[in-house]
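A short worksheet on the structure shown next.
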Protein chains: 2
Amino acid sequence: MSVQERKERERAHRHQLIVATARELAESQGWDAVTTRRLAERIEYSQPVIYGHFREGKREIVGAVALEGFAELTAAIRRAVADGPAGRAAVAALAGAYVDFAGRNPALYDAMFLLDTGLPFAVEATPAPLREAFGTLVETLGEVAGDADPAVFVEVFWSALHGLVSLTRSGRLPREAAAQRLTVLVDRFAGG
Amino acid sequence: MSVQERKERERAHRHQLIVATARELAESQGWDAVTTRRLAERIEYSQPVIYGHFREGKREIVGAVALEGFAELTAAIRRAVADGPAGRAAVAALAGAYVDFAGRNPALYDAMFLLDTGLPFAVEATPAPLREAFGTLVETLGEVAGDADPAVFVEVFWSALHGLVSLTRSGRLPREAAAQRLTVLVDRFAGG
DNA sequence: TCGAATGTCTAGCAGTGCTAGAATCCAGTC
DNA sequence: GACTGGATTCTAGCACTGCTAGACATTCGA
C-alpha cells in the first residue's frame with residue numbers, strides 16, 4: 001500500500017472525525033456550541049487543519065453533517081414502509097417516521113432543514129442523498145396524490161411535516177397534542 | 001408636563017427607535033448584520049444604552065421586532081378576509097395573505113417564527129399580539145375544520161404554511177411552483 | 001450653587017470565524 | 001545517513017460578536 005494511499009486514508013479518516021465530532025457536539029449542546037476551535041481541540045489538531053478539510057468553513061461542516069442526515073432519513077422512512085402499507089397507513093407510517101427521526105436527531109434535522117449549508121436542493125447539482133430522500137417520499141406518497149402532481153403533493157406534505165416539527169421544536173407549538181396534529185395532517189393528505 | 005413624563009417619553013422613543021432600526025437593518029441586510037454595535041451607531045448612542053433598554057440583550061430586541069410583526073400579520077389577514085369569503089375562498093385568501101406577508105417581510109417573519117426570541121407561545125403569559133394573530137386564524141378557518149378541533153386544525157394549517165414559506169426561503173424548495181403548492185395545500189384543507 | 005441620582009461612555013472581557021506566514025515534518029533522492 | 005523540497009501543521013493575529021464594570025458627564029431638586 002503506497003504512501004499516497006495511506007495519506008489519503010488518514011485524510012479521509014480525519015475528515016469523517018471532524019464531521020462526527022461536529023454532529024456529537026451539536027446533538028449534545030446545540031449548534032451554537034459547535035465552533036471550529038472546539039472541533040480542533042476535540043480532534044487534537046489546530047484550527048487551520050479544520051479549514052484545510054472544509055474550505056468553506058463551518059457552513060461546509062454543517063452541510064457534511066446534513067448529507068449524513070439525508071442518508072439516515074431515507075433509511076428510516078424505508079424501514080417504516082417496509083411492510084408495504086397502502087393508502088392512509090403508508091402516509092401515517094411515513095409521517096410518524098419523519099417526526100420520530102426529527103425528534104431523535106434535532107441537531108441533525110436542523111442541519112438538514114434549517115441552517116445555511118450551501119447544499120443545493122432540487123437542481124442538477126443536488127447531492128445524491130438529498131435526491132434519494134425526496135425520491136423515497138415520492139415513492140411512498142405518490143399513490144395518494146390524487147389529482148395533484150405527485151412531486152408537488154410530496155413537497156406540500158413534507159412542508160407540513162417540517163412546519164409541525166420546527167414550530168414544535170422552537171416552542172411555538174406546544175408539545176402536547178403533537179400526535180393529534182399529526183393525525184389531522186395525515187387525515188387531510190390521505191383522504192383522497 | 002412633568003420632567004418625569006418627558007424622560008419617559010424620550011425613553012419610549014429611543015426604545016422604539018432601536019426596534020425600528022433593528023428591523024430596517026434586518027430586512028435590508030439580514031439578521032446577521034444586526035449587531036448591538038451597529039444599532040448603537042445608527043441611533044447615535046453607545047452600546048450599553050442598548051442594554052439599558054433591552055436587559056436580555058439582542059434576543060429581546062428580536063422579540064420586540066417579532067411582536068410588531070404579529071400585530072401586522074393580524075392586520076394583513078383581517079384585510080384579506082374583510083369581504084367575508086367563505087369555505088375555500090376564505091382559506092385561499094388567508095393562505096395568500098400569509099405567504100405574501102412572509103414574502104414582503106422576510107426578516108420580520110424570521111423574528112416571528114424562526115429565531116430565538118424568548119417569547120412564550122400558547123401559554124398564560126403569551127403576549128396579546130401573538131394570541132390575537134392566532135385568534136384571527138381560528139376565526140377565519142374554524143368553519144372549515146370539519147370534524148377536527150378548530151384550534152388543532154388551525155395549528156396544522158399554519159404549520160403547513162410555515163413549512164412552505166421557510167423551506168422556500170431557505171432554498172430547499174424551488175420558488176417556481178410556489179403558487180401551485182399553495183393551491184394543493186388549500187385544496188387539501190378546504191376540502192371538508 | 002451644590003450634591004445626589006441618573007444616564008452615558010470608555011474600555012475591556014471572552015468568545016466567534018477565519019487566514020498569513022512561520023515552523024515542523026515527511027518522503028524522495030543522492 | 002544527509003539533504004532538500006514539498007506538504008502539513010502551528011502560532012499569532014485580524015476583525016468581529018454579545019455583553020458589562022466602573023468612570024465620567026449630565027440633570028434636576030433642594
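To find a chain, count down the sequence lines: A is the first, B the second, and so on, and within it residues start at 1.
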Note to self: Looking only at side-chain N and O atoms, does B/Arg37 offer a donor or acceptor that is under 3.5 Å from a partner on B/Thr35?
What the structure shows: no
Margin query: Over all strands shown, is A/Arg14 touching base, sugar-phosphate only, or nothing at heavy-atom distances under 4.0 angstrom?
Written below: sugar-phosphate
Item checked: For B/Gln16, side-chain contact (heavy atoms from CB on, under 4.5 Å) partners two or more places apart -> B/Val19, B/Ala20, B/Glu68
Next item on the list: Check for a donor-acceptor pair, side chain of A/Arg38 on one end and backbone N or O of A/Ala33 on the other, with a separation under 3.5 Å.
Entry: yes
Check: How about B/Leu173 and A/Ser159: do any of their side-chain heavy atoms sit closer than 4.5 Å?
Finding: yes
Check: So which of residues 110-118 of chain B are in contact with DNA chain D, with a heavy-atom cut-off of under 4.0 Å?
Finding: none
Check: When you measure from every atom of DNA chain C, which of residues 22-33 of chain A have a heavy atom less than 4.0 Å away?
Finding: none
Next item on the list: Please figure out whether A/Lys58 or A/Lys7 has its closest DNA chain C nucleotide nearer the 5' end.
Entry: A/Lys58
Margin query: Near DNA chain C, counting only heavy atoms under 4.0 Å, which residues of residues 43-51 of chain A show up?
Written below: A/Gln47, A/Pro48, A/Tyr51
Next item on the list: Mind calculating the distance between CZ (B/Arg11) and C1' (C/dT6) to the nearest angstrom?
Entry: 11 Å
Next item on the list: Sorted by first residue and then second, give each ring pair (Phe, Tyr, Trp, His ring centres under 6.0 Å) pair with at least one member in residues 69-92 of chain A; sequence neighbours left out.
Entry: A/Phe70-A/Phe113, A/Phe70-A/Phe121
Notebook entry, point to check: Is B/Arg11 salt-bridged to B/Glu5, going by a charged N under 4.0 Å from an acidic O?
Noted result: no
Check: Between A/Glu56 and A/Arg59, does at least one N-O distance fall below 4.0 Å, as a salt bridge requires?
Finding: yes
Note to self: For B/Phe189 and A/Phe189, take the angle between the two ring planes, folded into 0 to 90°, and tell me which bin it lands in: parallel under 30, tilted 30 to 60, perpendicular over 60.
What the structure shows: perpendicular
Note to self: If you assign each of B/Gly57 and A/Arg37 to its closest nucleotide in DNA chain D, which residue comes earlier from the 5' end?
What the structure shows: A/Arg37
Notebook entry, point to check: What's the NE2-P distance between B/His13 and C/dG7, to the nearest Å?
Noted result: 17 Å
Item checked: Candidate list B/Leu141, B/Asp147, B/Val138, test side-chain contact (heavy atoms from CB on, under 4.5 Å), partner B/Phe153, passing option -> B/Leu141
Notebook entry, point to check: Using a heavy-atom cut-off of 4.0 Å to chain B, what are the terminal contacting nucleotides of DNA chain D, in 5' to 3' order?
Noted result: D/dT17 to D/dG29
Note to self: Please report the distance, rounded to the nearest Å, between CZ in A/Arg55 and P in C/dG17.
What the structure shows: 18 Å
Next item on the list: Whole angstrom is fine here: how far is it from NE2 in B/His53 over to P in C/dT6?
Entry: 16 Å
Next item on the list: Quick one: list whatever passes side-chain contact (heavy atoms from CB on, under 4.5 Å) with B/Ala26, sequence neighbours left out.
Entry: B/Trp31, B/Val34, B/Ala107
Notebook entry, point to check: Residues two or more places apart in sequence or in another chain: which of them pass salt bridge (Lys or Arg N to Asp or Glu O under 4.0 Å) with B/Arg169?
Noted result: B/Asp110
Note to self: Out of the candidates B/Leu73, B/Thr117, B/Leu119, B/Val62, only one should pair with B/Met112 under the side-chain contact (heavy atoms from CB on, under 4.5 Å) rule; please name it.
What the structure shows: B/Leu73
Check: Partners of A/Val49 by side-chain contact (heavy atoms from CB on, under 4.5 Å), sequence neighbours excluded?
Finding: A/Arg14, A/Tyr45, A/Ser46, A/His53
Check: Given atom CD of A/Glu56 and atom P of C/dC18, what is their separation to the nearest angstrom?
Finding: 10 Å
Next item on the list: Calculate the interatomic distance between A/Arg38 atom CZ and C/dA14 atom P; express it in whole Å.
Entry: 15 Å
Notebook entry, point to check: Can you name the salt bridge (Lys or Arg N to Asp or Glu O under 4.0 Å) partners of A/Glu124, sequence neighbours left out?
Noted result: none
Next item on the list: Would you tell me whether A/Glu132 and A/Thr74 have side-chain atoms, one donor and one acceptor, within less than 3.5 Å of each other?
Entry: no
Determine all donor-acceptor pairs shorter than 3.5 Å in which one atom belongs to a side chain in residues 83-95 of chain B; sequence neighbours excluded.
{"residue": "B/Arg88", "atom": "NE", "partner": "B/Asp187", "partner atom": "OD1", "Å": "3.0"}
{"residue": "B/Arg88", "atom": "NH2", "partner": "B/Asp187", "partner atom": "OD1", "Å": "2.8"}

Check: Once you build an axis from the first five pairs and another from the last five of the helix from C/dT1-D/dA30 to C/dC30-D/dG1, how far apart in angle are they, to 10 degrees?
Finding: 30°
